[in-house]
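Data first, discussion second: the structure below is written as structure tokens.
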Amino acid sequence: MVFALQQDDWAAASVADAGYATDWHAHDCAMLLLPRQGRMLCGLEGVRRPSVIRPGEALLVAPGVGHRTRAADAAHRHIVLYARPARLAAWLPPRGWRLGALPPRMLPLLAYRDAVPEGSARAGLAERLLLEEACGNAPTPVPAQHGAALAQAVADHLRARLHEAQALDDLAARFGISRRQLTRLFRRHIGASIADHLGELRAREAARRIAAGQGVLAAAHAVGLASPSHLARLFRRHLGHAPAASRSGA
């Protein structure tokens, strides 16, 4: 079965369904698959074993290449973009598909797309901008030591969502690995625990806000902290001074 893009230059869809699965099919256009929560399994024509795709990675499938996809975890969401082959020429490989780590410039756009309502004008704009970034930035190959790319994807996710609570179980589910594997890989490749890394990110962002004139309480709330006292503890641990010392001229 071949699905057609018809007269449109591009299209996008967002899927959140633990039971998501497709049968073998192909497209008359290029398909860019972007997992956002949980793992996906993709069977590809001519490949004996399904490929595992995680958030922070992307799979490009060229026109006419048979494939089938399904969710591999109970918590699942993905975005898929379809475009004329010429739009994604920088990504299209000779063998018909490519799996790689997302270009860094796409990560803030994906974080923004995650935060806006489904079907909204802002969601459509974010999807169009994602496609524009993809047109000029091919993904880097997934390294043999995949843990480094996965840990960096988690770190990028934390940086983009400092104002949100970050429970380990939720992070593990989003990236399709166990809680134990998540903490081990993160410490190995980032050099700190998730809690310490997040605390430092929050302290530095709050310091930037306070230096720009924002109040301590407002800066604390902006980075997901309930009280100035919590922020003060993070400042002492990671920056070595009190929040007020970040004010310009202090």
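Quick note: numbers below take in every heavy atom, side chains included, and nothing from hydrogens, waters or symmetry partners.
- Expressed to the nearest 0.5 Å, how far CG of L234 lies from CG of L239 amounts to 8.5 Å.
- Residues T183 and S193 fail the side-chain proximity criterion, which asks for heavy atoms closer than 4.5 Å.
- Across all non-hydrogen atoms, the minimal contact from P117 to R122 is CD-NH2, 3.6 Å.
- Contact of the L81 side chain with the M31 side chain is not registered, since no non-hydrogen atoms from C-beta on lie closer than 4.5 Å.
- Hydrophobic cluster membership differs between L32 and L41, with clusters built from Ile, Leu, Val, Met, Phe, Trp and Tyr side chains linked at under 4.5 angstrom.
- With values rounded to the nearest 0.5 angstrom, R98 atom CZ is found 11.0 Å from L88 atom CG.
- Within the structure, every pair that satisfies the side chain to side chain donor-acceptor pair (under 3.5 Å) test and touches residues 225-235, not counting sequence neighbours, is listed here: S227-S229.
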Practice prompt. Check the pair H241 / S246 against side-chain contact (heavy atoms from CB on, under 4.5 Å), numbers first and verdict last.
Written response: CA-CA 8 Å; H241 57 76; S246 294; 3.2 Å; yes

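- Residues satisfying the salt bridge (Lys or Arg N to Asp or Glu O under 4.0 Å) test with E205, not counting sequence neighbours, are R208, R209.
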Discussion item. Working note: V216 + L231, criterion side-chain contact (heavy atoms from CB on, under 4.5 Å); need CA distance, chi angles, decisive distance, verdict.
Written reply: CA-CA 8 Å; V216 173; L231 181 62; 4.0 Å; yes

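- Taking the side chain as every heavy atom from C-beta outward, F235 and I210 approach each other to under 4.5 Å.
- Residues G38 and P55 approach most closely at O-CD, 3.4 Å, considering heavy atoms.
- A salt bridge links D9 to R87: at least one charged side-chain nitrogen sits closer than 4.0 Å to a carboxylate oxygen.
- Between the side chain of D17 and the backbone N or O of G19, at least one donor-acceptor pair lies under 3.5 Å.
- Minimum interatomic distance between V65 and H67 (heavy atoms only, all atoms of both residues): O-ND1, 2.9 Å.
- Criterion: ILVMFWY side-chain heavy atoms under 4.5 Å apart, direct or through other members. Under it, V80 and W97 are part of a common hydrophobic cluster.
- Residues D114 and R161 come closest through the heavy atom pair CB-NH2, 2.7 Å.
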Worksheet item: Given H221 and H163, is the ring-ring contact (aromatic ring centres under 6.0 Å, His included) satisfied, shown in steps?
Response: CA-CA 7 Å; H221 289 171; H163 61 288; over 10 Å; no

Item to complete: Test salt bridge (Lys or Arg N to Asp or Glu O under 4.0 Å) on E132 and R128 and set out the steps.
Response: CA-CA 6 Å; E132 292 302 322; R128 180 179 287 276; 5.0 Å; no

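- Using a 4.5 Å cut-off between side-chain heavy atoms of Ile, Leu, Val, Met, Phe, Trp and Tyr, with links allowed through other members, V154 and V52 fall into different hydrophobic clusters.
- Contact of the H78 side chain with the R36 side chain is not registered, since no non-hydrogen atoms from C-beta on lie closer than 4.5 Å.
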Practice prompt. Applying side-chain contact (heavy atoms from CB on, under 4.5 Å), run through L110 and L130 and close with a yes or a no.
Written response: CA-CA 7 Å; L110 279 167; L130 282 167; 3.7 Å; yes

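- Within the model, atoms CG of L185 and CZ of R180 stand 11.5 Å from one another, a figure rounded to the nearest 0.5 Å.
- Between L92 and L60 the shortest side-chain heavy-atom distance falls below 4.5 Å.
- For the pair G124 and W10, the tightest heavy-atom approach, listed with the atom from each and the gap, is O-CH2, 4.0 Å.
- Contact check for E133 versus L107: no side-chain heavy atoms found under the 4.5 Å cut-off.
- The distance from atom CZ of F186 to atom CG of D196, rounded to the nearest 0.5 Å, is 10.0 Å.
- No side-chain heavy atom of R70 sits under 4.5 Å from any side-chain heavy atom of T22.
- Here the CG-OG distance, from L168 to S178, works out to 11.0 Å after rounding to the nearest 0.5 Å.
- Between the CZ atom in R105 and the CG atom in L129 there is a gap of 11.0 Å [rounded to 0.5 Å].
- Here E118 pairs with R113 in a salt bridge; the nearest charged N to carboxylate O distance falls below 4.0 Å.
- Distance alone, capped at 3.5 Å, places no donor-acceptor pair between the E200 side chain and the H197 backbone.
- Among the candidates L102, I53, L59, the single residue satisfying the side-chain contact (heavy atoms from CB on, under 4.5 Å) test with L34 is L102.
- Atom CZ of R237 has 12 or fewer neighbouring heavy atoms from other residues, nucleotides or ligands inside a 6.0 Å radius.
- Relative ring orientation between H76 and Y20 is described as parallel, the plane-to-plane angle staying below 30° on a 0-90° scale split at 30° and 60°.
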Discussion item. Show, in sequence, the C-alpha distance, side-chain angles and deciding distance for H157 and L171, and conclude whether the side-chain contact (heavy atoms from CB on, under 4.5 Å) test is met.
Written reply: CA-CA 9 Å; H157 171 83; L171 279 174; 3.5 Å; yes

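- Between H238 and R202, every side-chain heavy-atom pair lies at or beyond the 4.5 Å cut-off.
- Under the 4.5 Å side-chain heavy-atom criterion for Ile, Leu, Val, Met, Phe, Trp and Tyr, M106 and V116 are members of distinct hydrophobic clusters.
- Nearest heavy-atom pair, A71 versus A18, reported as atom, atom and distance to 0.1 Å: CB-O, 3.7 Å.
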